[in-house]
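Structure first, commentary second.
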Amino acid sequence: MPDLTTSLSLCSLCPKLCSHVCPVYRASAKETLSPQAKMSSLLSLRQAGEQGSLAEALPLYGCTGCGACSSACLHKVEPAQQLVRGRTLAERAEVGHPALVDLPERVFQRAQDAARAILRDPQLSTRLAQPGDIGLLPSCLPRRQQQAGPEEEARQLLTVLDRVRAHRADLPSYGLLTVGSAGYALYAAGLEESFRLYAESLAQKVSELSMLVTTCSACTYLLKVVYPQHGVPLVPKVLHFGELILPYVSALPIARKLPQVTYHAPCHLSRRLKIDAPRQVLARLAEQVDDIAGEEPLCCGAGGLLPQTDPDLAQQMAHEAMAQGAGQPIVSGCPTCSYHLSKSGHKTRDLLDVLCESL
Ligand code: SF4
Ligand code: SF4
């Protein structure tokens with residue numbers, strides 16, 4: 001990836017060669033939200049330093065981090081990463097997005113709520129990860145329209161892994177983590193110092209685990225890529241849940257094989273990390289796995305804090321992504337994407353839901 005200075009000069013000379021793939025630009029139809037225009041706003045903000053204005057800062061928040069522009073870019077520029085750096089500059093100039101003003105408090109509260117929900121449940125509180133275990137980190141957001149929280153996901157994770165263990169004794173021992181979240185919101189808001197402190201604290205808490213497993217696509221990217229980039233390498237190996245379960249899934253007794261599922265590949269998982277494990281797991285659970293509309297799926301709109309900084313646009317993106325599925329029930333590889341897609345009013349499920357149904 002070119003550094004920030006090189007990226008800015010490449011984008012400023014570019015005839016917007018990646019605009020057509022940017023889902024935010026397509027959904028908003030605003031010239032200020034093409035990747036090239038957002039990088040130009042970043043250039044202006046950087047040159048203005050502490051005199052930067054809110055008008056220069058706001059376009060930087062119109063990015064979900066989907067990585068589609070980087071895939072199209074001949075120079076391998078990564079606007080998703082550079083725009084987060086721009087958000088850090090915006091925070092320093094005190095022109096961060098107004099919707100994120102109390103974000104650290106909300107992140108802390110949500111992490112505490114998630115931990116308490118697991119600790120007060122008698123069945124879950126006895127299944128916490130011990131040193132040497134695989135640590136399971138449920139996503140911190142609600143699941144589906146019912147607003148069920150991380151404790152439901154924790155229950156599903158244990159249900160599936162307990163069934164695997166009954167057939168494959170070689171699955172290493174596992175337990176739940178109560179850290180609440182990986183800190184994605186702090187990173188995406190550009191709150192660099194808060195994120196680094198959060199990451200260091202989490203790294204210390206998980207240092208005795210053998211593996212760290214999460215279901216969320218953005219958290220998988222964060223833990224695998226962004227933590228080391230910020231000087232916080234993790235001792236345990238980081239895996240997406242699909243990667244953990246894939247080697248064992250052939251041993252599972254499938255009680256109800258689905259005739260067909262339509263898969264929506266999460267951007268952070270498939271495009272940015274090139275992980276296809278959820279689709280491969282689904283291939284064991286269904287007779288037929290189709291890609292959404294037979295082409296690259298549109299970003300659901302959940303990433304980059306867009307649901308907080310521009311909820312209407314994020315919802316419109318969910319509608320457009322679901323429209324590609326032509327009314328079929330969609331299965332996402334990520335519970336966060338599934339939850340956001342469900343805001344379109346259509347039924348969605350994630351990999352864990354389908355595993356629980358099939359077993
Ligand atoms: S990311 Fe690449 S293709 Fe997109 S505007 Fe910048 S230089 Fe052009
Ligand atoms: S990462 Fe995705 S949303 Fe962000 S500028 Fe690139 S294409 Fe647009």
Side-chain angles (χ1 to χ4, degrees), residues 110-141 143 148-184 198-228 232-252 269 273 275 277-278 280-281 333-336 350-353 355-356 359:
R110 179 173 280 166
Q112 275 199 327
D113 291 348
R116 284 194 192 121
I118 288 174
L119 290 171
R120 70 170 168 251
D121 186 306
Q123 287 176 336
L124 300 179
S125 60
T126 55
R127 302 289 307 269
L128 302 186
Q130 305 300 318
D133 281 357
I134 299 171
L136 306 171
L137 176 58
S139 62
C140 59
L141 289 174
R143 284 175 70 75
E151 67 274 24
E152 185 194 330
E153 185 175 319
R155 253 187 292 280
Q156 286 185 313
L157 281 166
L158 293 176
T159 301
V160 171
L161 291 177
D162 289 350
R163 290 296 297 273
V164 172
R165 200 95 195 275
H167 295 271
R168 288 283 301 263
D170 58 330
L171 176 69
S173 55
Y174 45 86
L176 298 169
L177 290 173
T178 55
V179 293
S181 95
Y184 175 78
Y198 192 97
E200 284 173 353
S201 160
L202 184 136
Q204 204 261 327
K205 287 175 187 160
V206 302
S207 62
E208 294 187 76
L209 297 174
S210 59
M211 266 186 229
L212 178 54
V213 172
T214 177
T215 53
C216 172
S217 57
C219 290
T220 306
Y221 180 81
L222 193 78
L223 293 164
K224 279 183 187 264
V225 176
V226 179
Y227 270 54
V232 190
L234 291 163
V235 174
K237 186 175 181 185
V238 175
L239 290 184
H240 182 262
F241 176 68
E243 293 180 287
L244 172 70
I245 198 138
L246 183 59
Y248 302 98
V249 79
S250 61
L252 280 175
L269 209 57
L273 288 171
I275 292 174
Q280 294 173 48
V281 174
C334 169
T336 307
D350 64 50
L351 181 64
L352 256 184
D353 295 325
L355 269 163
C356 287
L359 299 178

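Just so you know, these numbers use all the heavy atoms, side chains as well, and skip hydrogens, waters and symmetry mates. These numbers were taken from a predicted model, which means no experiment stands behind them.
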From CG (Leu128) to CG (Leu136), nearest 0.5 Å: 10.5 Å

For the residue pair Pro138 and Ile118, establish whether any side-chain heavy-atom pair is separated by less than 4.5 Å. yes

Looking only at non-hydrogen atoms, find the nearest pair between Leu171 and Tyr174 and report the distance. CD2-CE2, 3.6 Å

Is atom CD of Glu200 surrounded by more than 12 heavy atoms (other residues, nucleotides or ligands) closer than 6.0 Å? yes

Contact summary for Tyr184 and Cys219, nearest pair of heavy atoms: CB-SG, 4.5 Å

So, do Glu153 and Pro335 sit near enough that their side-chain heavy atoms are less than 4.5 Å apart? yes

Heavy-atom distance under 4.5 Å between the side chains of Leu355 and Arg163, does that happen here? no

Does any part of the side chain of Ile134, heavy atoms only, come nearer than 4.5 Å to the side chain of Leu239, both counted from C-beta? no

CD (Glu208) with more than 12 external heavy atoms under 6.0 Å: no

Heavy-atom closest pair (Gly242 atom, Leu351 atom, distance to 0.1 Å) is CA-CD2, 4.0 Å

Minimum side-chain heavy-atom gap Leu359-Thr159 below 4.5 Å: no

To the nearest 0.5 angstrom, please state how far the NE2 atom of His167 sits from the OH atom of Tyr248. 14.5 Å

Between Lys224 and Glu243, does any side-chain N to carboxylate O distance fall below 4.0 Å? yes

Do Cys334 and Leu269 touch side chain to side chain, with heavy atoms closer than 4.5 Å? no

Exercise: identify the closest heavy-atom pair between Ala129 and Gly135: CB-CA, 4.1 Å

Is there a side-chain contact between Asp162 and Arg127 (heavy atoms, below 4.5 Å)? yes

Using atom types as modelled and distance alone, determine if a side-chain donor or acceptor of Tyr227 lies under 3.5 Å from a backbone N or O of Ala182. yes

Counting C-beta onward and ignoring hydrogens, is there a side-chain heavy-atom pair between Leu161 and Phe241 closer than 4.5 Å? yes

